[in-house]
Number of protein chains: 2
Amino acid sequence: MDTLHGMTQPPRRRDAAGTRQALLAAARHRFATNGYAATTVRDIADEAGVNVALISRYFESKEGLFEACLTGAVDEIGHSVAAGIPLDDLPRIMVEKMLDDQAGKHRLLLLLRTAGDPAADQVRRNVLRTIAERLVASAGLDAPDAVLRAEMVLATALGLVLMRSTIAVEPMASVDQEDLVEPLGDVITALLRPSPRAS
Amino acid sequence: MDTLHGMTQPPRRRDAAGTRQALLAAARHRFATNGYAATTVRDIADEAGVNVALISRYFESKEGLFEACLTGAVDEIGHSVAAGIPLDDLPRIMVEKMLDDQAGKHRLLLLLRTAGDPAADQVRRNVLRTIAERLVASAGLDAPDAVLRAEMVLATALGLVLMRSTIAVEPMASVDQEDLVEPLGDVITALLRPSPRAS
DNA sequence: GTGTGACGTAAACAACCGTTTACTTATCCG
DNA sequence: CGGATAAGTAAACGGTTGTTTACGTCACAC
């Protein structure tokens, strides 16, 4: 990645696939951090170090570029969240996937960004529903509200990323990610442990 | 299409305070549901049934109108979330405040909308921090990570509103709000109960 | 070498943005 | 009344948006 931000670069070789990836990376970053409407195609092109017209050429439109970002993120999320993870390992894995690198954070944030496209909204709903059902399977639950509870785990994760990055409220934003594992584990246990609620 | 929401009304009297409120209501609705950048001043003016120029007159600018919406929401949140609420009553109160009426939902969503204004971001951080500290006081906690855990409760609440309204993932979106009380109570208990974690 | 097609760019495009100006009209006090 | 002032509006402003067009220029087969 020789052409990121304002860094001066060797005169740029011609490589369609490469610039396509550069545009995708820049768009993921901008869309995730600033949202769809607040991001201009010139912002993305500048960050990728290429001309604006290439967005229309490679992705047809700004909305096409956004959809490419979203489906890419959805694929990566789908691959990294496998079924059959032991419940005890879940909190640490979630914290690592969501907060370890920038990419994981941006993937999650992209799920919250909307471009007004109904198709994109459906993609969003599907991936969250699918992940929730995998969590239910991993926990071995069969209660009628199991999926609802799994989605509440995801709600906690989404809110966590938001408060840590976008909103940046203290102490949540600056605390070591290790300190998030235990409380998140408590939440997961409370929501997904097979029979925690007596009557 | 005389005034609010298209509802026909008496031909609109001249009332500065009234139109100011109409603009505020329309702006809260649009900003909360569509975000700051995706909302145009003409959208807001049309929904309020007044002319665009009045936004600049009464609130100086689009950003001024947004700040007025945000501080208004922050005030109402601050008033409705008192300190000293019994931990057992908290989940039901939170569900009612956040999901009962549209207004509560919009107040929460406004906290997630950003206009690029640093002052607004600070307001956001302050109110979340303050609410978290009130939760700690209500729970009677003094653990070093108490505020962090309280903020995680708020993260769950924010994620819940997002998944129920903006993302609208099933079954979270369509389930009766009563069914959210018990799982939310489990989360609050797991995070805020004075001594749940042995050593 | 050379030309041919893909890659990249600069400039222009119409449409829309937030904001301002110039103007009309209702309301109220004397 | 009647005119002064506040409330509201229509239209235009410069700037920015996403997109397209027209034009260089590098790379590679021959």
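None of the values given here were measured: they were computed from a predicted structure. Sequence lines set the chain letters: A, B, ... in the order given, protein chains first and strands last, and positions in each chain run from 1. All values below come from the heavy atoms of this structure, side chains included, with hydrogens, waters and symmetry mates left out.
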| query | What pairs of residues pass the ring pair (Phe, Tyr, Trp, His ring centres under 6.0 Å) test when at least one of them lies in residues 80-115 of chain A, not counting sequence neighbours? | reply | A:H29-A:H106
| ring pair (Phe, Tyr, Trp, His ring centres under 6.0 Å): which pairs involve residues 146-165 of chain A, sequence neighbours left out? | none
| said: Rounding to an integer number of Å, can you tell me how far B:F66 CZ sits from C:dT19 C1'? | reply: 19 Å
| query | Partners of A:V136 by side chain to side chain contact (heavy atoms under 4.5 Å, CB included), sequence neighbours excluded? | reply | A:L141, A:A146, A:V147, A:A150
| Base, backbone or nothing for each nucleotide of nucleotides 25-30 of chain D, written B, S, -, heavy atoms under 4.0 angstrom, 5' to 3'? | BBS---
| field | Partner set under side-chain hydrogen bond (donor to acceptor under 3.5 Å, both in side chains) for A:R30, not counting sequence neighbours | value | A:E47
| request: Could you tell me whether B:D15 and B:R20 have a side-chain N and a carboxylate O separated by less than 4.0 Å? | output: no
| field | Heavy atoms from other residues, nucleotides or ligands near NZ of A:K97 exceed 12 (cutoff 6.0 Å) | value | no
Would you be so kind as to tabulate the donor-acceptor pairs closer than 3.5 Å made by side chains of residues 157-167 of chain A, with sequence neighbours excluded?
| residue | atom | partner | partner atom | Å |
| --- | --- | --- | --- | --- |
| A:R164 | NH1 | A:M172 | O | 3.2 |
| A:R164 | NH1 | A:V175 | O | 2.9 |
| A:S165 | OG | A:V161 | O | 2.7 |

| task | Output all residues satisfying side-chain hydrogen bond (donor to acceptor under 3.5 Å, both in side chains) with B:T156, sequence neighbours left out; order by chain, then residue number. | result | A:T156
| Integer-rounded Å distance: D:dT17 P and A:D43 CG | 7 Å
| task | For DNA chain C, determine which residues of residues 32-42 of chain B have any heavy atom closer than 4.0 angstrom to one of its atoms, and list them numerically. | result | B:T39, B:T40, B:V41, B:R42
| query | Whole Å only: how far is the CZ atom of B:R20 from the C1' atom of D:dG8? | reply | 17 Å
| task | Can you sort out which residues in residues 51-63 of chain A have a heavy atom within less than 4.0 Å of DNA chain D? Ascending by number, please. | result | A:V52, A:A53, A:S56, A:S61, A:K62
In a table with atom names and distances, give each donor-acceptor pair under 3.5 Å that connects a side chain of residues 67-77 of chain B to protein atoms at least two apart or in another chain.
| residue | atom | partner | partner atom | Å |
| --- | --- | --- | --- | --- |
| B:T71 | OG1 | B:E67 | O | 3.0 |
| B:T71 | OG1 | B:A68 | O | 3.2 |
| B:E76 | OE1 | B:R107 | NH1 | 2.5 |

| request: Round to a whole Å and report the spacing from CD1 of B:I44 to C1' of C:dC16. | output: 15 Å
| query | Rounding to a whole Å, what distance do you find between B:D117:CG and C:dG18:P? | reply | 16 Å
Identify each donor-acceptor pair in which a side-chain atom of residues 81-96 of chain B lies under 3.5 Å from a protein atom, sequence neighbours left out, and give them as a table.
| residue | atom | partner | partner atom | Å |
| --- | --- | --- | --- | --- |
| B:D88 | OD1 | B:R193 | NH2 | 3.4 |
| B:R92 | NH2 | B:E178 | OE1 | 3.0 |
| B:R92 | NH2 | B:E178 | OE2 | 2.4 |

| said: Just to verify, what does A:E133 make a salt bridge (Lys or Arg N to Asp or Glu O under 4.0 Å) with, not counting sequence neighbours? | reply: A:R129
